[in-house]
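Quick notes on the structure that follows.
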Amino acid sequence: MPLPPYRIKVVEPIPFLSPEERAGALHLAGYNPFNLRADQITIDLLSDSGTGATSAAQEAAAAVGDESYAGARSWFRFLDEVADLTGYPHILPVHQGRAGERILFGTLLRPGQICVSNTHFDTTHANVELAGAEARDLPCPEALDLDSHEPFKGNIDLTALAELLAGPDGERVGLVLMTITNNGLGAQPVSMANLQAVHALCRQHGVPFFLDAARFAENAWLVREREPEYHGWTPREIARQAFDLADGCVISLKKDGLASIGGCIGLRDDDLHARCEANLIATEGFSTYGGLAGHDLERLAVGLREVVDPAYLSARAAATTHLAQLINEAGVDTVQPAGIHALYLNAGRLLPHLSPAEFPGHSLGCQLFLDGGVRCAELGSLYLGTMDEQHRLVTPAPFELVRLAIPRRVYSQEHFEYVAETLAGIAKDPERITGYRIVSTPPILRHFKVRLAPLP
Ligand SMILES: *Cc1c(COP(=O)(O)O)cnc(C)c1O
C-alpha cells in the first residue's frame, strides 16, 4: 500500500464514551447525528468538509497572513494559486461553497429556468431553488447499479442531456453544472470524455457550463487511474483540463483546499463577473477577502498545491479502498467501485427487515454511533424521500445508503480497522436493529434539523 507522504506532528485527543452515555447522548440529540456534540464522538465520519488536518507549511503561511481590509498580500498569494490552477481570468473568494452557489445562481439563473446536473449536492439544490429555478439531475444509468464496477458512475446521462437541450424545455435550461466528483451519488468520478461531451453540447446550444469542483483533485486522480488516455498525466494537468472545458466553476475549498474554511467562484465572462462581484461585496465581503481571513487565504494557497501531490492522492485513495475491503469482508456491501472521499454502505441490503419508511440507513448510522461512537450521515429516504404533512414517507429514495466520509490526513489504519470491526459486530446480528419515525422536521434541508424517535 502506498505510504502517506507525511508524519504526525500535532495530535488531538478523541473521546471514548460508555454505551450508556452514547445512548443518552443520542436520545438528547433527537436521534439526529447532526445534533450530537463533537466531544461525544470517537470517530467522526459525518463529513470530509473542513475536517482535514493542515500541514506545518500551511500553519507557517497562516502566521504571516495579511489581514488588511483590501488588497492584502495573502489575497494575491491565493489569487495567483487559484488562477494558475484553474486558468480562469476572474476569481472571487467566498467563505464556503454555498455562498458561491448563492451568488452565482442568484446572478446567472432566472426564475423558471432549469439547472441541469449529474447530481446536485444538497445545498446546491437548495440554492438553485432559492433562485427560483428548477434543479434537475440526470445521472448516467450505470449509477443505478450500486454493485457494478463501471469506472465513471459519476457521469451525466449524455443522451438525456442532449434530448433535454434539443426538446421543448431546452430554452429553459440556464446552466449545466457538473459535480466532480459526484458527492450525491456514491463519490463516483466523472470522466474527461463525459466533460468534453457536455462542453460540446453546451456550446452547441449556447448554455453556460460550470463545474461544482469541490473534489477537483480527487476526480483528477481517479481519471488518471481509470481513463487510459490520462495515465501519464499529473493530477494538476488533468484538473486544469477539466477547468478549461467549462465557462467557470464554484468550489467549496473545505474539501480539496485542505483547509477548514473557504471557497471561490471562477469566471471567464466579464459582465457576469461584474454582477457577481457586486453581490459578493454586498453580502460576503470585499472582493479581495470574500468572508475569509488573511490566514485562511494563506492556508488555502498552500493547500491547493499539496492536494495535487500524486503521493498524497495515491495514499488517500488506497486508504479508502482498503477500508472498503475491510467493510466488505465484514459482510456489509458498499457502493462499487470505492471512490476517495467517502464510502457508501448499502443499508437497505443489510437491513431488509426494515422498510424505507422505517429509515434503514438512519438506523444503521445510529447503531454505528451506539455501538462504536462512529458518526456518519444517512443518504436514503430520510434525506431524499418525499413526506406528507404527518411526516410519513410518500416516495422513498432509490437506495438506502449511509455515507462514511473520510477526513483528509486525519485517521490512521487502526481507526479504520475499528470502524470495520464495529460494522462487523452489527452485521453479525442485523435483525436486532429497529427502525425510526420522524417527530418533527424543518421545511428545507430536512436532514440537518429533523428529530426522530426509535420504533418499538
Ligand atoms: C460541500 C459541497 C458544496 C457546498 O460547499 P460548502 O463549503 O459546504 O458550503 C457544494 N457542492 C459539493 C459537491 C460539495 O461537496
Side-chain angles (χ1 to χ4, degrees), residues 34 45-52 82 92-106 109 115-131 135 137 139 143 153-156 175-190 195 210-220 222 239 242-243 246 248-266 280 283-285 290-292 296-297 299-300 303-304 307 320 339-344 376-377 379 383-384 401 403-408 444-445 447-448:
F34 282 98
L45 306 183
L46 184 66
S47 178
D48 66 319
S49 180
T51 53
V82 179
L92 295 169
V94 288
H95 82 278
Q96 65 181 92
R98 68 197 70 183
E101 293 165 357
R102 179 181 53 75
I103 290 168
L104 181 71
F105 301 159
L109 291 173
C115 179
V116 191
S117 179
N118 47 344
T119 308
H120 291 83
F121 178 68
D122 58 3
T123 62
T124 321
H125 194 281
N127 276 303
V128 167
E129 289 188 344
L130 287 171
D137 292 339
K153 287 154 82 172
N155 285 351
I156 198 167
L175 176 64
V176 176
L177 182 74
M178 290 294 288
T179 312
I180 60 170
T181 56
N182 195 342
N183 185 18
L185 222 81
Q188 299 295 316
V190 177
L195 293 179
F210 274 65
L211 296 176
D212 179 354
R215 299 178 184 80
F216 67 89
E218 294 179 357
N219 200 76
L222 293 171
F243 288 121
C249 67
V250 272
I251 315 183
S252 166
L253 293 172
K254 301 181 68 170
K255 285 79 172 216
D256 279 349
L258 292 182
S260 51
I261 198 76
C264 67
I265 306 173
L280 175 83
T283 60
E284 276 283 283
L292 294 167
D296 297 322
L297 293 165
R299 285 191 189 90
L300 288 165
L304 287 169
V307 79
T320 304
I340 299 185
H341 85 276
L343 288 172
Y344 297 69
C376 49
L379 278 182
Y383 170 68
L384 292 166
L401 303 178
R403 187 183 77 167
L404 306 184
I406 319 287
R408 293 169 181 77
I444 60 164
L445 292 169
H447 53 294
F448 286 120

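Order of appearance sets the numbers: ligands from 1, and atoms from 1 within every ligand. Predicted model, so just to flag it, every value in this text is computed and none were measured.
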SB check K255 D48 (cutoff 4.0 Å): no
Quick check for students: name every N or O atom pair between ligand 1 and the protein closer than 3.5 Å, with distances.
| residue | atom | partner | partner atom | Å |
| --- | --- | --- | --- | --- |
| ligand 1 | 5 (O) | S252 | OG | 3.3 |
| ligand 1 | 7 (O) | G97 | N | 2.9 |
| ligand 1 | 7 (O) | S252 | OG | 2.6 |
| ligand 1 | 8 (O) | Q96 | NE2 | 3.4 |
| ligand 1 | 8 (O) | R98 | NH2 | 2.9 |
| ligand 1 | 9 (O) | Q96 | NE2 | 2.8 |
| ligand 1 | 9 (O) | G97 | N | 3.3 |
| ligand 1 | 9 (O) | R98 | N | 2.8 |
| ligand 1 | 9 (O) | R98 | NE | 2.7 |
| ligand 1 | 11 (N) | D212 | OD1 | 3.2 |
| ligand 1 | 11 (N) | D212 | OD2 | 2.8 |
| ligand 1 | 15 (O) | N183 | ND2 | 3.2 |
| ligand 1 | 15 (O) | R215 | NH1 | 2.9 |
| ligand 1 | 15 (O) | R215 | NH2 | 3.4 |
| ligand 1 | 15 (O) | K255 | NZ | 3.0 |

Do the rings of F243 and F216 sit parallel, tilted or perpendicular, given the 30° and 60° boundaries? tilted
Result for side chain to side chain donor-acceptor pair (under 3.5 Å) between H341 and one of D256, N183, T320 points to N183
Between S117 (side chain only) and L177 (backbone N and O only), is there a donor and an acceptor less than 3.5 Å apart? yes
Would you tell me whether E218 and T181 have side-chain atoms, one donor and one acceptor, within less than 3.5 Å of each other? no
If the condition is side chain to side chain donor-acceptor pair (under 3.5 Å), which residues does Q96 pass it with, not counting sequence neighbours? none
